[in-house]
Amino acid sequence: MAGKKFRQIEKKWQERWEKAGWYPAVDFDKKRKKLYVLVEFPYPSGSGLHAGHAFSMTGADVYARKKRMEGYNVLFPMGWDAFGLPTENYAIKTGIHPAKVTAQNTATFRQQMKRMAFSFDWRREINTTDPKYYRWTQWVFLQLFKYGLAYKKKMPINWCPSCKIGLANEEVVNGRCERCGTPVERRELDQWVVSITRYADRLLAGLETTDFVAKVKAAQINWIGKSEGAKIRFPIADREDFLEVFTTRPDTLWGATFMVIAPEHPLVEKIRKIKEIEAYVKQARQKSDLERTDLAREKTGVFSGFYAINPATGKKIPIWISDFVLASYGTGAIMAVPAHDERDHAFAKKYGLPIIPVIQPRQKWDFAKAAYTDVEHGQMINSGPLNGLKPNVAIKKAIAWLEKKGIGEKAVSYHLRDWIFSRQHYWGEPIPMVYCPACAEKGISWWETQEGKAFLEKFQAPSSKFRIPNSNDQDSKQSLAGWFPMAEKDLPLKLPQVERYEPTGTGESPLAAIKGWVATRCLNCGQPARRETDTMPNWAGSDWYYLAYPLAKAISEYDPRQEEKDIFSAHRDLLEYWLPVDVYIGGDEHNTLHLLYSRFIYQFLWDIGVMPRRYPEPYQRRISHGVILGPDGRRMSKSRGNVIIPDKVADKYGVDALRTYLMFMGPFTATMAWNENGLRGIARFLDRWQDYFLRQIKHPASDSQPEAKAALNRLVAKVGADIDRFAYNTALAAMMEFLNASLAEKWRWSRKDISVLIRLLAPFAPYLAEELWEKLGEEGSVHWAPWPKVERRYLQNEMKTVAVQVNGKLRATLELTAEEAKDQEKVVALVKKDPRVAKYLASGQSKKTIFVPGKIVNFVVR
RNA sequence: GCCGCGGUGCUGGAAUUGGUAGACAGGCGAGACUUAAAAUCUCGUGUCCUUCGGGACGUGAGGGUUCGAUUCCCUCCCGCGGCACCA
C-alpha cells in the first residue's frame, strides 16, 4: 500500500500550486480559445464539503483540466452562495454574527476544495454576502423596479408557521415548506413581486437556442406551463358587469351550464353579506394549499345567488363559488361544461346542475356517468355555427366567432406565477427601497418625480415586455405610490448590526426592530420615511453570479465616486469575451427554479442593454450531474447515519483515489450508491499504475512494439473522447484495461510514451500525475502540459477481429490484419476453410453474404 | 392523470451510427506467498446441457421490422424523478 505517503505528496503539490497561483484564466487572451466551465457554487454550510459537492466538482474539474491541457483559456471559477437560513438559524442559537459564521465556513470549504485539487481560479472567488457583491444584486432589483417589473402587492402568500417566513410557490413542496416540512398556511402580506410571467414566452423561446439536455428543457417547459385558448366575457344578469373566464375549450361554450369563481375572486367581495357564502369563503380561504389539494376528490361549493348569461345560448346560468377554482390561475373564474370536463362533471353531479352535451361521440356515451373529453374525435352538436365540426377544428372557429361578436378573444395562460421577492429575514440582501407615507398619501409614485421622468425619457420602454406602471396601470401605480428607489451611487445598502436575529413572527423581518436603520428621509420630499425591512430571496444572489466571475476584479475595485456606469456596461468587453457559459454543471434540483430565474434576470439585463447583444441566453449547455447515495442506497442524511465525508475518505485513501473512484462509480448523470469496496479497487488501480510507471521510468525502452503503440494510441483517442462526453467511467475502464494488457504483455515504454500516459491520468489523479511527471524529469506542471494527440499511423496496421456469423449467429472469430479484414473475397475464402463454420455452410445453399469491412461477415443460409 | 428518464449477471455498470451482449470494477470461489491473518499475486465466475470439440437459451413481458435488435417500431408491466383540482 502507498501507506500515508500520499499525505506528504498532497501537501507538497498543494504548496507548489498555491505558489504558482493555481489556475488563472486570462482575460482577453487572443491566442487561446476561451472556455467558460461553470459548476454551481455551494452554500457554505457548517458541516463542510459533502460527497455531492466532491462528486459534481470533481466531474467539472476533470473536464476543465483536460480542456486546459488541450490549450483552451479555461475560466473555471468558484464562490459562495452564502446568504441563507441555516446560517441565520445558527446565529439565532449562538448569537454569533452570520457574517462571522460565513467567514469560518467559507475558509473550511476553500481549504477542502484546494485539498481536492479543484483547479479553480481563486483570484475570482466571489461571495454573495459581500457588500461589494450585493451592491449589484441590489442594483439589479432597482432596475426591475424602474422598468416596472417589480411591484408591491398585498396578496395571500404561503406562510410557513415554523420558519415564520413567506415562501415562494416554488418553495412549497406538496403543500409543505421546502425547508422544514411544515404544512404551509395562507396569509396576507405586503410583498414585493417580480413579473417573471412577462417573460414566459421569452423563456420558452430561448430554450430552443440552447443545448440543454432534454430533461432540463422539459422541466422548464413544464414549469412555465403554457396553454392556449380564449378569454370569454359572460354578462352578469341584472348588473352592469362581466365575468371573464379563460378556457382552452372555447368550442364547448354552448355547453356551459354554470360558472364557478374562486373564493378570492373580486366579485365575492360584493356578495359576502349572505351568511352561508360568508362562512364558505372564510373556511376556504383559511385552508392551506395542502388541505385544498387533499380534498381534491370531494368538491365543495356554494351558490352565489347571481346568474350570468351564456353569450352563445343567451341562457341564464348560475354562478357558484368553489375552492377548486384557483384565484392565481387564469382569471380566477371558469365556465363549467360538465358534459366535457371531468371536474365540472363531478361538481354538476354533486349539486344537481344541468349537463348538456355539445359533442356527439362516435360511440355510445352516458353523459350522466362521465364527461367526454376527447378533442380528436366526435362531432359538434347544439352549437349553432360550430355544428358538424370536429372539436379541434371548432376551437379555432369558436375563437373567430367570439372575436367577431366582441365577447372574447384568443388568449394564453401560464402556470408560471409571478415571483414573490420578499423574505422576512435578516440574513439576505436588503431591498434598497424607501417608503414615504406623506408621498403615498398624495399618490406620488417614483415615475412622477423628476428623476423618474428623466428615466422614462431616457429609456423609452425597449419593448412591450416592459410594463411601465405609470402608463395606464392604475393598480400598480397605487400600490407603488410612496415607494422610492435608493440612488444607485449610494449602494450597497448594508445590513445593520443587530442584537437578535429572530424573525418577529408577526410577518416582519428582524430588521424592522432596528429603529435607527429603518428611519430615514424621503428621497422625494425629505419628510420622515422608512426603509423596506424585508430582504431578498436566496435566488437573488445566484441570479447573476456567472456574470460576477468575469467581473470579479472590477467588482472588488468598484468605486461609485469614480465610475458613472454600472459594472456591466463599464466592463462590457469582459462579458463579450467570456460569455456565454459554455458548460454549466449542476443538480436536477435547480433545473426549474435557479435556472429559470437566472435566465430571466439575464434576459432582462439583455433587454435593458447591459449585456452583449450577441448572447441572448447566458448558458449554452447544461449538464445535470447525478447523485451519490449512502452505502445503504438511500439519500445521505445525518439522521440515517449514512453520510460519507470526503475529507475522511481522503485521509484514508488519498484525494486521488477519492476523485478517481467518484468518476468511476458510474455515468456522471446517474444516481449511485457509495461502495467502499469499489473505492479500494480504485486505490489498487492507482497503486499499480504508480508502481508500473515508476519501474518504467527507471528503465525506459528506446521504443515500444507496434502492438503496444497501437494500444497506446487507441487509449489516447478513447480517453479524450470519453472526457468530452462526460463518460469518465469508461475512460477509466479503458485505462485499467490498458494497464492489465501492459502487464500481461510485458510491454515496455519509451520516455515519450510514459509522458503521454501520465498526462492521460492527470485530470483524474492530479497529485499522482504531478509526482510521476517530476520523477520522469519533466519541467513544470503536468497540468499545463499539452494534451496528447492520437498518432493515427500506429492505428493503421492493427490486427482486427472479424466476427463470423451464420444466419446472424456467431460461429467463429478471425484474427486478421486490417488489410485482410477489408477484403471480402479473402475473408470469405478463409472462413470457408474453417471447420467451425464449414459445417453450417455445407448443409444448405448460401443465399446471401453480408460483409461489414473489418467487423463482420454473415452468411445467410436457408 | 400528465411530462421526463430508466429496466442488462450476485452488485455498480459497459456495448459511438442496428454488427462478437456482459468491457471495467466489486463480490464470491479456488490456488500461491505466510507459523497465521491482512495485504499482494494467479486462475475461475450469465443460465442450462456436454462425448470438453462444443451446443441451446439469455438484455422487464409480448409482438413486429431486419441477414442481424440491449439499440428501431407497436402494446403492456414495473421502477425513479418532476408537475398536478392549471380550466
Side-chain angles (χ1 to χ4, degrees), chain A residues 1 173-174 213-223 225-227 229 245-249 252 259-260 262 292-299 322-326 328-337 341-344 346-347 413-417 588-589 591-592 624 627 633 661 664-667 669-682 684-685 687-688 691 718 721-722 725 727 729-740 743 801-814 835-836 847-852 854-861:
Chain A
M1 207 169 115
V173 178
N174 294 327
V213 292
K215 181 189 196 174
V216 178
K217 279 191 186 178
Q220 298 232 333
I221 291 166
N222 203 24
W223 191 266
K226 181 176 183 170
S227 48
V245 302
F246 172 76
T247 178
T248 54
R249 296 292 303 275
T252 62
M259 306 193 75
V260 188
R292 278 203 187 186
T293 46
D294 262 3
L295 297 168
R297 302 292 145 222
E298 192 54 20
K299 296 199 190 334
S322 173
D323 63 9
F324 85 82
V325 174
L326 306 175
S328 48
Y329 183 75
T331 62
I334 63 158
M335 65 175 206
V337 186
D341 180 279
E342 278 164 23
R343 286 157 310 162
D344 298 349
F347 197 81
S413 198
Y414 302 92
H415 293 177
L416 183 70
R417 311 284 159 80
D588 280 340
E589 70 274 23
N591 283 347
T592 43
S624 56
V627 179
Y661 171 60
F664 182 65
M665 287 176 84
T669 51
T671 301
M672 299 154 298
W674 183 266
N675 177 358
E676 188 151 341
N677 283 322
L679 175 59
R680 282 198 202 99
I682 284 291
R684 200 147 46 218
F685 160 69
D687 281 348
R688 294 203 306 158
D691 293 346
K718 171 81 176 156
D722 280 358
R725 59 186 186 106
N729 55 334
T730 51
L732 286 162
M735 287 163 81
M736 292 173 181
E737 218 175 337
F738 174 85
L739 180 61
N740 292 342
L743 287 162
T801 309
V802 175
V804 182
Q805 297 182 339
V806 179
N807 291 336
K809 277 208 167 114
L810 181 74
R811 294 302 172 189
T813 55
L814 295 175
R836 292 173 300 180
K847 282 177 74 179
K848 199 156 116 188
T849 305
I850 284 135
F851 183 71
V852 182
K855 261 196 174 147
I856 211 160
V857 59
N858 185 15
F859 298 94
V860 186
V861 174

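Residue numbering restarts at 1 for every chain, and letters A, B, ... go by the order of the sequence lines.
With sequence neighbours excluded, the residues forming a side chain to side chain contact (heavy atoms under 4.5 Å, CB included) with Ser322(A) are Val260(A), Tyr280(A), Phe324(A), Phe347(A), listed by chain and number. With sequence neighbours excluded, no residue satisfies side chain to side chain donor-acceptor pair (under 3.5 Å) with Thr813(A). Remark: Phe851(A) pairs with no residue by the ring pair (Phe, Tyr, Trp, His ring centres under 6.0 Å) rule, at least two apart or across chains. By the salt bridge (charged side-chain N to carboxylate O under 4.0 Å, His left out) test, Asp722(A) pairs with Lys718(A), Arg725(A), sequence neighbours left out. With sequence neighbours excluded, the residues satisfying ring pair (Phe, Tyr, Trp, His ring centres under 6.0 Å) with Tyr661(A) are Trp674(A). With sequence neighbours left out, the side chain to side chain contact (heavy atoms under 4.5 Å, CB included) criterion links Asn740(A) to Arg688(A). For Thr671(A), the side chain to side chain donor-acceptor pair (under 3.5 Å) test picks out no residue, with sequence neighbours left out. Scored by the ring pair (Phe, Tyr, Trp, His ring centres under 6.0 Å) test, Tyr414(A) finds no partners at all (sequence neighbours excluded).
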*Heavy atoms under 4.0 Å is the rule here; annotate nucleotides 2-15 of chain B 5' to 3' with B where the base is hit, S where only the sugar-phosphate is, and - elsewhere.*
--S-------BSSS
_Return a single string for nucleotides 53-60 of chain B, one symbol per nucleotide in 5' to 3' order, where B is base contact, S is sugar-phosphate-only contact and - is none, cutoff 4.0 angstrom on heavy atoms._
--SSS---
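Among the duplex regions that RNA chain B forms, those built from at least three successive Watson-Crick or G-U pairs under 3.5 Å are B:1-7 with B:77-83, B:10-12 with B:24-26, B:27-32 with B:40-45, B:46-49 with B:54-57, B:60-64 with B:72-76, ordered by first number.
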Distances under 3.5 Å only, N/O to N/O: pair up the protein atoms with those of nucleotides 27-30 of chain B.
from: rG27(B); atom 1: OP1; to: Asn677(A); atom 2: OD1; distance (Å): 3.3

